[in-house]
Protein chains: 2
Amino acid sequence: MTKASPSHQAATAWARLMRVSRQLVEKAEDALKEAGLPPLAWYDVLHELAETGEGGLRPFELIDRVLLAQYGVSRLLGRLEADGLVEKLPASDDGRGQIVRITSAGRDMRRRIWGVYGASIAGLMDEKLSAEELEALAALLGRLRHPPIG
Amino acid sequence: MTKASPSHQAATAWARLMRVSRQLVEKAEDALKEAGLPPLAWYDVLHELAETGEGGLRPFELIDRVLLAQYGVSRLLGRLEADGLVEKLPASDDGRGQIVRITSAGRDMRRRIWGVYGASIAGLMDEKLSAEELEALAALLGRLRHPPIG
DNA sequence: TCTATATAAATGCAAATGCATCGATATGGA
DNA sequence: TCCATATCGATGCATTTGCATTTATATAGA
């Protein structure tokens, strides 16, 4: 049976996690907006597709990677396609589906976003914590992941 | 001048922070939905108002506490008022403003949400990390806060 | 083979959010 | 006092999200 009430330490850590993650996302989004660039979600998708390469990805494979609902992926890909950043090809082995590939305009956009986004991350993380502390933070967060890794 | 590019450690910690915080929020929101309860944002406001007590708060004071935009607070308070969970009184010393107070129905609702939310936090945090680890996590996150405390 | 069920992706509609602005009151000089 | 400016809160409008459903294809079992 699961505990009904969190410890003081859990409640405090939870509150910090909620507040800090939202603050940092907001900072990063603000920086993109100020630079006239699209939101973080666009970067996430472009990043996944860029890493995958020419083979592309099926839309349903993006759901877990970018933590969007199925309809969210469907609509985001629609916008990316409308902007010429990705292209959709029919999936040769599955008549229901498609393959989504990043275009060269998409790669350019990814790089442009990274220029701003990466600088935000540096300012928000590297300026606040040492490399060792960042590793410790990543390790602790890793243990909260779902599903559990170990 | 601010660094243009984040360290590997910063990028990793950032990615974990983004992913884990979203996963955990989603879990907690799902639990509330399944219980037929309103979203976390409602809890945040009810919690602030409950802690403040009979004096209530001005809407603009909620902006920083719950990390919502001004119009977000305005509309959320509208919904809470429509549900009888808060009441708005004219601010005696400022003709532009109001005082928002939690009602007893609001206190009840806060307790009901906490029953589910607290259990989620316990399951997501206490079951994964020890009290010492939770304290370490909170401390590291605290250093990322904006604005910096020290 | 035929049928029932499952999966992939899109979409209509309602609700929520973001952006800009507005109306009202307050405040700080000239 | 009067005016320019700032602040408080609400809201019209466009965009985005959430939910439920739809269409199309695939798969498993009788």
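A, B, ... follow the sequence lines: proteins, then strands. Residue 1 opens every chain.
- The distance from atom CZ of Arg96(B) to atom P of dA10(D) is 13 Å, rounded to the nearest whole Å.
- Of the two residues contacting DNA chain C, namely Asp93(B) and Glu61(A), the nearest-nucleotide position lying further toward the 5' end is that of Glu61(A).
- If you take CD of Glu29(A) and P of dC19(C), they are 10 Å apart, rounded to a whole angstrom.
- Between Arg111(B) and Asp108(B), at least one side-chain N (NZ, or NE/NH1/NH2) sits under 4.0 Å from a carboxylate O, which counts as a salt bridge.
- Heavy-atom distances under 4.0 Å link DNA chain D to Gln70(B), Tyr71(B), Ser74(B), Arg75(B) of residues 69-80 of chain B, given in residue order.
- Phosphate proximity of dC19(C) to Lys33(A): present, with a side-chain N or O under 4.0 Å from OP1 or OP2.
- Rounded to whole angstrom, the span from the CG atom of Leu40(B) across to the P atom of dT17(C) amounts to 12 Å.
- Not a single ring pair (Phe, Tyr, Trp, His ring centres under 6.0 Å) links Trp42(B) to another residue, sequence neighbours left out.
- In this structure, the side chains of Arg145(A) and Arg16(B) come closer than 4.5 Å at one or more pairs of heavy atoms.
- If you measure from atom CZ of Phe60(B) to atom P of dT25(C), you get 17 Å, rounded to the nearest angstrom.
- At a threshold of 4.5 Å between non-hydrogen side-chain atoms, the residues Leu80(B) and Ile102(B) do not count as touching.
- Taking atom CG of Leu32(B) as the reference point, atom P of dG18(D) lies 15 Å away to the nearest angstrom.
- Between Tyr43(B) and His47(B), the ring-plane angle classifies as parallel under the 30° and 60° cut-offs.
- Here the P atom of nucleotide dT7(D) and the CD atom of Gln98(B) are 19 Å apart, to the nearest Å.
- Phosphate proximity of dA10(D) to Lys88(B): present, with a side-chain N or O under 4.0 Å from OP1 or OP2.
- The nearest whole Å value for the distance from the CG atom in Leu68(B) to the P atom in dC8(D) is 16 Å.
- Between Arg58(A) atom CZ and dT7(C) atom P the separation is 14 Å, expressed in whole Å.
- His146(A) pairs with exactly one of Glu26(B), Lys27(B), Lys128(B) by the side chain to side chain donor-acceptor pair (under 3.5 Å) rule, that one being Lys27(B).
- Between Glu54(B) and Arg107(B) there is a salt bridge, with a side-chain nitrogen of the basic residue lying less than 4.0 Å from a carboxylate oxygen of the acidic one.
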